[in-house]
Protein chains: 2
Amino acid sequence: MAADQPHEQSAVPRGRPRSFDREAALAQAVALFWEHGYEATSVADLTAAMGIRPPSLYAAFGDKRSLFEEVVASYQQTHGAVLPRALNGEPTARAGIARMLHAAAAEYTDPAHPWGCLLTSSTVNCTTREVERELRSVRNGNVRALESRIRADVAAGHEPPGTDAAALAVFVGTVLQGMSQRARDGATQAELEQVADFAMRAWPEQA
Amino acid sequence: MAADQPHEQSAVPRGRPRSFDREAALAQAVALFWEHGYEATSVADLTAAMGIRPPSLYAAFGDKRSLFEEVVASYQQTHGAVLPRALNGEPTARAGIARMLHAAAAEYTDPAHPWGCLLTSSTVNCTTREVERELRSVRNGNVRALESRIRADVAAGHEPPGTDAAALAVFVGTVLQGMSQRARDGATQAELEQVADFAMRAWPEQA
DNA sequence: CTCGTTCGGTAGCGATCGCTACAGAAATAA
DNA sequence: TTATTTCTGTAGCGATCGCTACCGAACGAG
């Protein structure tokens with residue numbers, strides 16, 4: 001592959017160099033889409049926040065939709081990574097989920113950035129069906145990931161044999177998405193910590 | 001009051017009568033705002049679904065925002081009334097909330113109308129701040145209503161004296177809003193019924 | 001220097017947004 | 001009948017939407 005490419009390394013940049021920081025501009029886009037969602041964030045809003053003009057945005061990121069997809073990927077690798085990291089930072093699904101719910105309580109109400117979860121809130125009421133479907137499948141995939149995590153613990157004997165992993169995963173996903181919504185409605189971290197505690201009380205008792 | 005109004009009854013209609021059913025048109029508007037949200041529903045979408053032209057819409061309902069407010073009121077008195085009715089249909093807060101959560105599982109996934117709750121989903125990512133704030137205060141008011149319902153039961157001795165009514169109300173509100181989101185993501189009624197059951201397991205045991 | 005290449009800014013495309021001026025149509029009042 | 005009132009449909013307002021043609025500016029290569 002790449003037989004027609006004479007250079008070993010990545011090509012030396014030719015032509016006029018980019019005059020803005022692509023990463024910083026992407027971070028601005030993350031903030032805007034996080035705060036206002038996909039549709040409500042206009043290209044004019046984006047270029048104003050990034051300090052660039054539309055042709056620069058389109059040259060660097062493609063169109064609005066591909067920029068949004070890059071924003072989603074960036075979010076998942078930064079702010080959004082806090083949750084799976086908490087989940088996998090404990091030896092059992094139960095402890096991991098408890099830690100994840102508390103991490104969400106802190107993350108969703110952090111005053112350093114918009115409230116709630118970008119993956120949950122940015123494509124509600126989105127007329128571009130493919131974008132909405134994309135993030136929906138991300139959310140549903142996260143629920144299925146929870147389910148297999150719980151199922152593995154049941155198989156390993158960490159949870160009672162009768163545990164309904166699928167139902168438990170949907171419950172946790174529901175609480176998480178609800179926490180995102182409540183955070184956007186102004187719920188405090190302390191309130192969401194209590195929500196996390198209540199949710200864990202629903203967990204099946206050790207047999 | 002109304003001293004300048006010579007007629008006792010409502011005035012006899014004068015001029016050309018309205019050629020469409022105002023209630024039916026409003027029901028169409030409810031369906032559209034419910035499905036697509038406030039901003040993503042255009043006046044062109046509304047007039048097309050109602051079978052009327054823009055001037056008729058503006059004459060009958062004012063502007064888009066006042067139509068939406070009428071839609072919200074209509075929703076609260078019809079589909080949305082199922083939840084408070086379930087809550088108040090039981091003698092205790094605990095039983096009422098259990099019944100309400102199961103009613104939400106059925107209502108939010110009813111194939112006869114859009115999924116989820118209009119009050120929860122229609123103003124996420126809404127640039128018209130006053131509209132967003134309005135529905136946010138409806139949601140927060142519903143949580144406070146849950147809280148005072150629980151608090152009354154604690155005072156009446158139906159719940160243990162140490163019960164944190166505020167935290168419990170936020171938890172139930174979080175689960176409800178999460179159920180709405182999950183329903184819009186395609187969750188089935190059976191799945192949400194299980195979510196309701198899990199949520200009730202978190203309820204403090206009788207002392 | 002002169003190329004070739006890439007980026008930046010101006011300026012504006014066609015489409016859609018919420019909304020309305022205007023005139024004809026359909027009712028009641030006299 | 002004529003006058004008054006209210007609704008309907010056409011047609012289009014100014015603003016904003018996502019997006020881009022164009023050309024000068026800024027770089028490395030020769």
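In what follows, chains carry the letters A, B, and so on, assigned in the order in which the sequence lines appear, proteins first and then strands, with residues in each chain numbered from 1.
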Need one value for B:Thr47: base, sugar-phosphate or nothing, where a base atom within 4.0 Å counts as base even if backbone is also close, heavy atoms only.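 It contacts nothing in the nucleic acid.
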Would you find a donor on one side and an acceptor on the other, under 3.5 Å apart, between the side chain of B:Arg136 and the backbone of A:Arg184?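 Flag set: sc B:Arg136 to bb A:Arg184 pair under 3.5 Å.
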Sub-3.5 Å donor-acceptor pair from the side chain of A:Asn88 to the main-chain atoms of A:Pro84, do we have one?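 Side chain of A:Asn88 to backbone of A:Pro84, a donor-acceptor pair under 3.5 Å: yes, one is there.
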Check against side-chain contact (heavy atoms from CB on, under 4.5 Å), A:Thr120 and A:Gln181: CA-CA 8 Å; A:Thr120 295; A:Gln181 257 277 10; 5.7 Å; no
For atom [atom1] of [X] and atom [atom2] of [N], their distance in whole Å:
X       : N      : atom1 : atom2 : value
A:Arg18 : C:dT5  : CZ    : C1'   : 14 Å
B:Arg53 : D:dT10 : CZ    : P     : 7 Å
A:Phe68 : D:dG18 : CZ    : C1'   : 16 Å
B:Phe61 : D:dC7  : CZ    : C1'   : 14 Å
A:Met50 : C:dG8  : CE    : P     : 12 Å
B:Leu46 : C:dG18 : CG    : P     : 8 Å
B:Arg22 : D:dT6  : CZ    : C1'   : 15 Å
B:Phe20 : C:dA25 : CZ    : P     : 20 Å

Can you pull the ring pair (Phe, Tyr, Trp, His ring centres under 6.0 Å) pairs that have at least one residue in residues 112-153 of chain B, sequence neighbours excluded?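 Counting only pairs at least two positions apart or across chains, the ring pair (Phe, Tyr, Trp, His ring centres under 6.0 Å) contacts touching residues 112-153 of chain B are B:Trp34-B:His113, B:His79-B:His113.
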Taking it one step at a time, do B:Tyr58 and B:Val43 satisfy side-chain contact (heavy atoms from CB on, under 4.5 Å)? CA-CA 10 Å; B:Tyr58 283 87; B:Val43 173; 3.5 Å; yes
Please check the phosphate of D:dT8 (OP1 and OP2 only) for any side-chain N or O of B:Ser19 closer than 4.0 Å.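 It does, given that an N or O in the side chain of B:Ser19 lies less than 4.0 Å from OP1 or OP2 of D:dT8.
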For D:dC17 and A:Ser42 - does any side-chain N or O of the residue sit under 4.0 Å from the phosphate oxygens OP1/OP2?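 Yes, within the criterion.
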Reported CG-to-CZ distance for the pair B:Leu135 and B:Phe68, which is rounded to 0.5 angstrom: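 Interatomic distance, B:Leu135 CG to B:Phe68 CZ, rounded to 0.5 Å: 5.0 Å.
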CZ-CD distance between A:Arg133 and A:Glu130, expressed to the nearest 0.5 angstrom: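 If I round to the nearest 0.5 Å, the distance is 6.0 Å.
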Is there a salt bridge (charged side-chain N to carboxylate O under 4.0 Å, His left out) between B:Arg149 and B:Asp153 once you walk through the steps? CA-CA 7 Å; B:Arg149 182 79 171 82; B:Asp153 258 33; 3.4 Å; yes
Angle between the two end axes of the helix from C:dC1-D:dG30 to C:dA30-D:dT1, five base pairs per end, rounded to 10 degrees?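 Axis angle across the helix from C:dC1-D:dG30 to C:dA30-D:dT1, nearest 10°: 10°.
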Can you confirm whether the side chains of A:Asn140 and A:Ser137 place a donor and an acceptor under 3.5 Å from each other?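 Looking only at side-chain atoms, A:Ser137 and A:Asn140 do not form any donor-acceptor pair under 3.5 Å.
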Contact string for nucleotides 19-30 of chain D, one letter per nucleotide 5' to 3', B = base within protein heavy-atom range under 4.0 Å, S = sugar-phosphate only, - = neither, reads BBB--BBBB---
